[in-house]
Undergrad: 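If you scroll down you'll find the structure; I have some questions about it.
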Amino acid sequence: MKFYKKTSYTEDFRLFRDGAAAFWYALLGLALVAAPFVLPAYYLSQLVLIGIYVVAGAGLMLLSGYCGQVSLGHAAFFAVGAFTVAVLEKHGVPFLAAFAAAGALSAAVGFVIGLPALRLSGLYLAIATLAASFIVTEVIVRWEGVTNGASGLNVAKIRIAGWIADSEPKLYAIVLAVAVAAMLAVRNIVRAPLGLAMMAIRDSETAAQSMGVPLMRVKLAAFAISALLTGLAGALYAHKLQFIDPDQFTILVSIEFLVMIFIGGIGSMHGIVLGAAFVIALPQLVAVAKDYLPAAVAQQSGLQAAVYAAVLLAFILAEPTGLYGIWRKIKHYFSMFPFYRKGSLRRAKSFAKSETW
Amino acid sequence: MAVLSVSDVGISFGGLRAVDGISFGVEPREIFAIIGPNGAGKTTLFNVISRIYEPSTGSIVFDGRDITRIPPHDVVRAGIARTFQNINLFDNATVLDNLMLGRYRHHRSGVLRQTLFTPFVRREKLADRRKVEEVIDFLELGKYRDVLVAGLPYGVRKIVELGRALAAEPRLILLDEPSSGLNVEETRDMVFWIQDMRDDLDMTVIMIEHDMSLVSAVSDRVLAMSSGRMLALGTPGEVQRDPGVAAAYLGG
Ligand SMILES: Nc1ncnc2c1ncn2[C@@H]1O[C@H](COP(=O)(O)OP(=O)(O)O)[C@@H](O)[C@H]1O
Ligand SMILES: [Mg+2]
């Protein structure tokens with residue numbers, strides 16, 4: 001049995017799997033830092049959106065991907081974050097304080113919405129979170145004195161002390177910093193006992209409880225942290241668009257978030273980034289494809305939603321481990337070449353087949 | 001002085017009296033077996049002790065403390081760990097992570113420290129890992145360490161579940177049919193492990209078991225149940241000779 005002893009016990013919970021992984025991440029980091037200097041404005045703008053979606057996706061991945069609690073209401077946290085930062089800044093609160101408040105208020109709303117989750121799961125939970133998000137958007141629409149209701153709010157540029165984020169590269173720098181911090185936070189939770197407890201709840205509540213996991217507390221923590229991150233993403237989103245109204249935070253956004261983590265790969269950190277890139281790139285791809293489609297199809301207003309549905313369906317049927325699963329297969333194929341055997345990655349495939357969906 | 005005292009415990013499901021007036025005490029470092037035909041209420045009794053079910057009558061005292069009404073997640077903190085009749089593992093996690101979760105009750109770090117993964121959290125994790133490696137060595141699970149549980153054969157899953165309970169370092173362990181589904185060799189290992197739990201790990205063991213040769217080989221005392229009630233309580237020999245027990249097994 002000694003052959004299997006690991007050289008070091010820390011190996012299993014290092015930030016990066018090994019030196020090679022750390023190297024590639026360092027390279028990726030360099031590329032991201034260089035991006036504003038080399039990328040055309042349009043692509044940088046897309047990268048900012050991807051970064052914002054990564055922050056939201058990190059939140060939803062923790063809750064749904066790791067803790068197994070499906071939420072169809074994350075647009076509400078996105079909206080709470082966006083409106084909190086917009087309203088506070090309108091009243092002269094500095095960005096950093098408003099940003100923190102946006103996260104805190106979203107976390108509080110997440111905590112409250114999480115309460116019914118303690119007794120629900122699966123489809124019932126999805127519907128309860130959906131209903132809760134309708135209530136939140138309704139509050140935003142009706143509370144005109146503060147939120148300006150359906151007319152929306154203008155959002156100023158980010159200002160930290162004397163510094164103003166008045167260009168896309170500056171906004172990008174802030175979004176990148178927040179996205180990296182969000183990914184680190186989720187990665188840390190996942191490798192800490194709390195993350196293990198969340199995965200335990202996803203797989204078997206009874207067993208988790210019998211091993212000492214307080215179901216209520218861990219689920220509420222998952223909801224609050226998830227909402228906090230999504231709220232911070234919303235605050236950044238408000239600054240990216242510079243104008244927000246309640247119509248930007250409909251159920252379609254919640255679905256988009258779910259599609260993002262599902263297509264990225266449930267229960268994987270890489271899946272967050274891959275999913276965000278996919279969700280932001282898809283509308284562009286659809287727009288390009290329109291030129292080649294017959295007019296009768298291209299003119300349909302629901303085209304993008306239909307493409308979402310089709311892609312999601314294809315993933316559920318053919319590749320439940322998402323883009324990250326495909327990436328691992330490709331990597332595996334080349335590392336084993338020419339000895340690749342079909343099914344040698346079956347282990348990974350069984351992953352997403354938990355009863356959480 | 002008994003480490004666990006069960007007094008007059010009863011529970012009903014609708015009209016069915018699944019457990020009815022059960023009383024017994026288990027001594028420290030005793031191996032205590034519970035036998036009885038299917039549907040006798042043995043698993044339900046375990047579920048009452050581990051607080052999954054609320055008993056309608058009676059009380060349970062562990063280590064001088066009344067645990068009849070504590071929250072279910074505090075049972076393992078009190079020092080009682082268990083396995084399930086139909087194996088209840090975290091299927092999408094590795095063997096290692098399943099065992100690591102067994103250490104959950106020993107954690108002290110809050111959400112913020114874990115989000116920052118501070119040196120304190122790292123030290124806790126390393127201490128857990130050392131303990132888990134002891135369990136892996138004890139149960140010879142080394143070659144499955146990084147394998148997802150879902151893909152493992154039944155017998156191995158059963159042992160992983162035992163390992164998860166052992167990782168919690170309980171004083172009392174509840175085993176629900178530890179030998180069911182195991183082959184001859186695995187059953188023999190199980191016998192040794194159960195004895196080692198008592199002899200080397202100082203644990204008290206309560207096991208529900210159908211295999212009478214295993215029961216006779218390891219247990220100090222046996223409780224026989226049928227239709228939720230106690231039939232007999234005594235040494236394996238006494239219980240096997242009990243006319244009521246024989247009748248219950250013959251479908252009486
Ligand atoms: N949650 C439940 N709801 C209804 N009936 C139950 C429940 N749990 C157990 N029972 C019933 O209680 C009786 C005892 O079951 P159980 O304790 O599993 O028996 P054993 O483990 O001795 O085979 C059975 O008749 C079973 O159907
Ligand atoms: Mg049973």
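Below, chain A is the first sequence line, B the second, and so on; all start at residue 1. All of these numbers come straight from a predicted model, not from anything done at the bench.
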Undergrad: For A:Ala197 and B:Tyr104, work out which heavy atoms get closest and say how close.
TA: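 For A:Ala197 versus B:Tyr104, the nearest heavy atoms are CB-CE1, 3.6 Å.
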Undergrad: Where does B:Arg130 contact chain A at under 4.5 Å (heavy atoms): side chain, backbone, both or neither?
TA: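 Answer is both: backbone and side chain atoms of B:Arg130 are under 4.5 Å from chain A.
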Undergrad: Can you see which heavy atom on B:His107 is nearest to which on A:Pro193, and at what distance?
TA: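 Looks like CE1-CG, 3.2 Å.
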Undergrad: Hey, which of B:Asn92, B:Asn98, B:Asn88 is the one that makes side-chain hydrogen bond (donor to acceptor under 3.5 Å, both in side chains) with A:Asp203?
TA: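 Passing option: B:Asn92.
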Undergrad: Report which part of B:Ala165 has an atom under 4.5 Å of a heavy atom belonging to chain A: side chain, backbone, both, or neither.
TA: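 When you check distances to chain A, only backbone atoms of B:Ala165 fall under 4.5 Å.
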Undergrad: Residues of residues 216-224 of chain A under 4.5 Å from chain B (heavy atom pairs)?
TA: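 Answer by number: A:Arg217, A:Val218.
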Undergrad: Which residues pass the side chain to side chain contact (heavy atoms under 4.5 Å, CB included) test with A:Ser71, not counting sequence neighbours?
TA: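 So A:Ser71 forms a side chain to side chain contact (heavy atoms under 4.5 Å, CB included) with A:Leu60, A:Leu63, A:His74, A:Thr129.
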Undergrad: For residues A:Ala208 and B:Leu101, report the shortest heavy-atom separation together with the two atoms involved.
TA: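 Heavy atoms of A:Ala208 and B:Leu101 come nearest at CA-CD2, 4.5 Å.
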Undergrad: How long is the gap from CD on B:Gln114 to CZ on A:Arg191, to the nearest 0.5 Å?
TA: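 Between atom CD of B:Gln114 and atom CZ of A:Arg191 there are 11.5 Å.
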Undergrad: Tell me, for B:Arg103 versus chain A, whether the close heavy atoms (under 4.5 Å) come from the side chain, the backbone, both or neither.
TA: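 The answer is neither part of B:Arg103.
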Undergrad: Against chain A, label B:Asp74 side chain, backbone, both or neither, depending on which of its atoms sit under 4.5 Å from a heavy atom there.
TA: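 Nothing of B:Asp74, per the 4.5 Å heavy-atom cut-off to chain A.
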Undergrad: Please classify the contact of B:Val121 with chain A as side chain, backbone, both or neither, using a heavy-atom distance under 4.5 Å.
TA: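 Only the side chain of B:Val121 comes within 4.5 Å of chain A.
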Undergrad: Measure distances from B:Arg164 to the heavy atoms of chain A and classify the residue's part below 4.5 Å as side chain, backbone, both or neither.
TA: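 B:Arg164 touches chain A through backbone and side-chain heavy atoms alike.
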Undergrad: Using 0.5 Å steps for rounding, measure from the CG atom of B:Asp97 to the CG atom of A:Leu196.
TA: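 It is 5.0 Å, given to the nearest 0.5 Å.
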Undergrad: What is the minimum heavy-atom distance between A:Asn188 and B:Thr115, and which atoms define it?
TA: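 Closest approach of A:Asn188 to B:Thr115: ND2-O, 2.8 Å.
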Undergrad: Please tell me if the side chains of B:Phe117 and A:Ile189 come closer than 4.5 Å, counting only heavy atoms from C-beta onward.
TA: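 A side-chain contact is absent here, since even the closest heavy-atom pair is not under 4.5 Å.
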Undergrad: Are more than 12 heavy atoms, taken from residues, nucleotides or ligands other than B:Glu54, located less than 6.0 Å from that residue's CD atom?
TA: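 Counting neighbours around CD of B:Glu54, more than 12 heavy atoms of other residues, nucleotides or ligands fall under 6.0 Å, so yes.
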Undergrad: Let's go through A:Val213 and B:His73 carefully: what are the C-alpha distance in whole Å and the side-chain angles of both, what is the deciding distance for side chain to side chain contact (heavy atoms under 4.5 Å, CB included) to 0.1 Å, and is it a yes or a no?
TA: CA-CA 6 Å; A:Val213 175; B:His73 59 258; 5.9 Å; no
Undergrad: To the nearest 0.5 Å, tell me how far B:Ile80 CD1 sits from A:Ser210 OG.
TA: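 That separation rounds to 11.5 Å.
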Undergrad: Are A:Arg202 and B:Phe90 in a cation-pi contact, defined as NZ or CZ under 6.0 Å from the six-membered ring centre and within 45° of the axis?
TA: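 Not flagged: A:Arg202 not positioned over aromatic ring of B:Phe90.
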Undergrad: Does CZ belonging to A:Phe111 count more than 12 external heavy atoms closer than 6.0 Å?
TA: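 For A:Phe111, atom CZ is not crowded (no more than 12 foreign heavy atoms under 6.0 Å).
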Undergrad: Which heavy atom of A:Gly212 sits nearest to which heavy atom of B:Arg77, and what is that distance?
TA: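 So the minimum-distance heavy-atom pair works out to O-NH2, 3.1 Å.
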Undergrad: Nearest 0.5 Å, what's the CG-CE distance between B:Asp91 and A:Met199?
TA: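 One gets 14.0 Å once the value is rounded to the nearest 0.5 Å.
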Undergrad: Tell me the closest heavy-atom pair linking B:Leu89 and A:Ser204, and the distance in Å.
TA: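 Minimum heavy-atom contact is O-CB, 4.1 Å.
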